Amino acid sequence: MQIGIVGLPNSTKTTIFNALTRSQVATTAYSTGQVETHTAVVQVPDPRVGRLCEMFHPRKTTYARIEYNDIAGLRVGIGREGGLSGPLLNAIAQNDALLHIVRAFQDDQVPHVAGSVDPARDLAAMDFEFLFSDLLIVERRMERLAHDLSRNRVSPERQENQEEYDLLARIKAALEKETPMRDLELTPAEEKRLRGYPFLTLKPVLVLINVGDEGQDRPEDYAYPHRRSEVICLRGGLEMEIARLTPEEAGLFLAEYGIAEPGLNVMIRASYDLLGMQSFFTVGEDEVRAWTIRRGATALDAAAAIHTDLAHGFIRAEVVACQDLLDAGSLNEARKRGQVRLEGRDYGMQDGDVINVRFNV
Ligand SMILES: Nc1nc2c(ncn2[C@@H]2O[C@H](COP(=O)(O)OP(=O)(O)OP(=O)(O)O)[C@@H](O)[C@H]2O)c(=O)[nH]1
Ligand SMILES: [Mg+2]
């Protein structure tokens, strides 16, 4: 799972990237404007994994993972100048979701590209660049399709092309009204049709407002009228400092500032939710492991995530809710209590299920 960090030049993208991934990439008061990507993988913090480890004492512990890409080089006006360059578009389009960073703090030491700090303006400006990028792609594709449709009256692809053209026409109308593609009602077949294109407004987005050292943590101050998106506020500079501390030092620091939990843990979980993902666990003396699947996935999907052999030879899954297992204290006790169920392939997995797949080879 990959999340792209985007925003205006100097919007504190790299600061947030460092905080999220405990990296030490240099941040600068002046943006170079260069297209440049930093990548790091982080574990999804999940206290349930730690508690399962206390029960099983496994040789190995594996958390779910998210890859973050800090992408520099976007700016206002890029769309009107003919669209995002290939490398920049690819760097953004390869992500499953976007983390859009907006600066909302005053600091005379940190110049703003537009000369003043105005988060609502910046948020809208960057959104417009994404809309414009999608619109250019839609229009180019529609031109091609119209050309083919006008020439090959009896071609075998005709039906396909006409359907795609109609879908793109609907999308074009929405984009022209500044509705992002993620807010359209699309059927699974339509979504599949769009999958090959580098559409940016189709991606779920988490808007992160960096409110600075003194700022208020109030997302409701930053209304964002789109579905499949969410706004959170963070004190970016502070979070980057916290990420550099040892866990003990961080604890003291958080207490001093009256922060319950590093904002970044909250944020990593929020991005996980936003992507419509959930976790399930496999447990044992060898390994306690968190796995990632879509919400709505079945026991068979879960088996396939572990190994294709498990899916092919699937017989049944033994399933127990993580909390029941923790309360029972052991698998045997959970069995005695009747909390370990046998489920078939179509069972809808719940977040936090602990699963053991029975299969034939
Ligand atoms: N006062 C204050 N300054 C901050 C905070 N977060 C980041 N900065 C400063 O903002 C400046 C820009 O931060 P970067 O993270 O480099 O911004 P960027 O978006 O990665 O910039 P480019 O990659 O060049 O587009 C740096 O000088 C940071 O130290 C904060 O919470 N408070
Ligand atoms: Mg940067």
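What you see below is based on every heavy atom in this structure, not just the backbone, and it leaves out hydrogens, waters and symmetry mates. All residue numbers refer to positions in the sequence shown, counting from 1. On a predicted model such as this, the values are computed, not experimentally measured, just so you know. Counting starts at 1 for both ligands and their atoms, following the listed order.
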Of the listed options T27, N18, T28, closest to atom 12 (C) of ligand 1 (non-hydrogen atoms) = T28
Where ligand 1 meets V110 - atom numbers and elements under 4.0 angstrom, heavy-atom basis | 9 (C), 10 (O), 11 (C)
Indicate, as side chain, backbone, both or neither, the part of T15 found under 4.0 angstrom from ligand 1 when only non-hydrogen atoms are considered.
-> both
Does R65 make a cation-pi contact with Y63, if we ask for NZ or CZ under 6.0 Å from the ring centre and within 45° of the axis?
-> no
Have Y165 and R141 got a donor and an acceptor in their side chains that come within less than 3.5 Å?
-> no
Would you mind telling me if ligand 1 is within reach of the side chain of A72, the backbone, both or neither, using heavy atoms under 4.0 Å?
-> side chain
Distance below 2.8 Å from the Mg ion (ligand 2): protein N/O/S atoms | T14 OG1
Report yes or no: does G7 have a heavy atom closer than 4.0 Å to ligand 1?
-> no
Tell me yes or no: between the side chains of T39 and N69, is some donor less than 3.5 Å from an acceptor?
-> yes
Within reach of ligand 1, part of N10 (heavy-atom separation under 4.0 Å) | both
Is it true that R335 and E318 make a salt bridge, defined as a side-chain N closer than 4.0 Å to a carboxylate O?
-> yes
Heavy-atom contacts under 4.0 Å between N210 and ligand 1: side chain, backbone, both, or neither?
-> side chain
Give the minimum heavy-atom separation between D351 and Q278, together with the two atoms involved.
-> N-OE1, 3.1 Å
Which word best sums up how the rings of F130 and H100 line up, parallel for under 30°, tilted for 30 to 60°, or perpendicular for over 60°?
-> perpendicular
Does K203 reach the main-chain N or O of A93 with its side chain, forming a donor-acceptor pair under 3.5 Å?
-> yes
Contact check: D70 vs ligand 1, nitrogen or oxygen atoms, below 3.5 angstrom | no
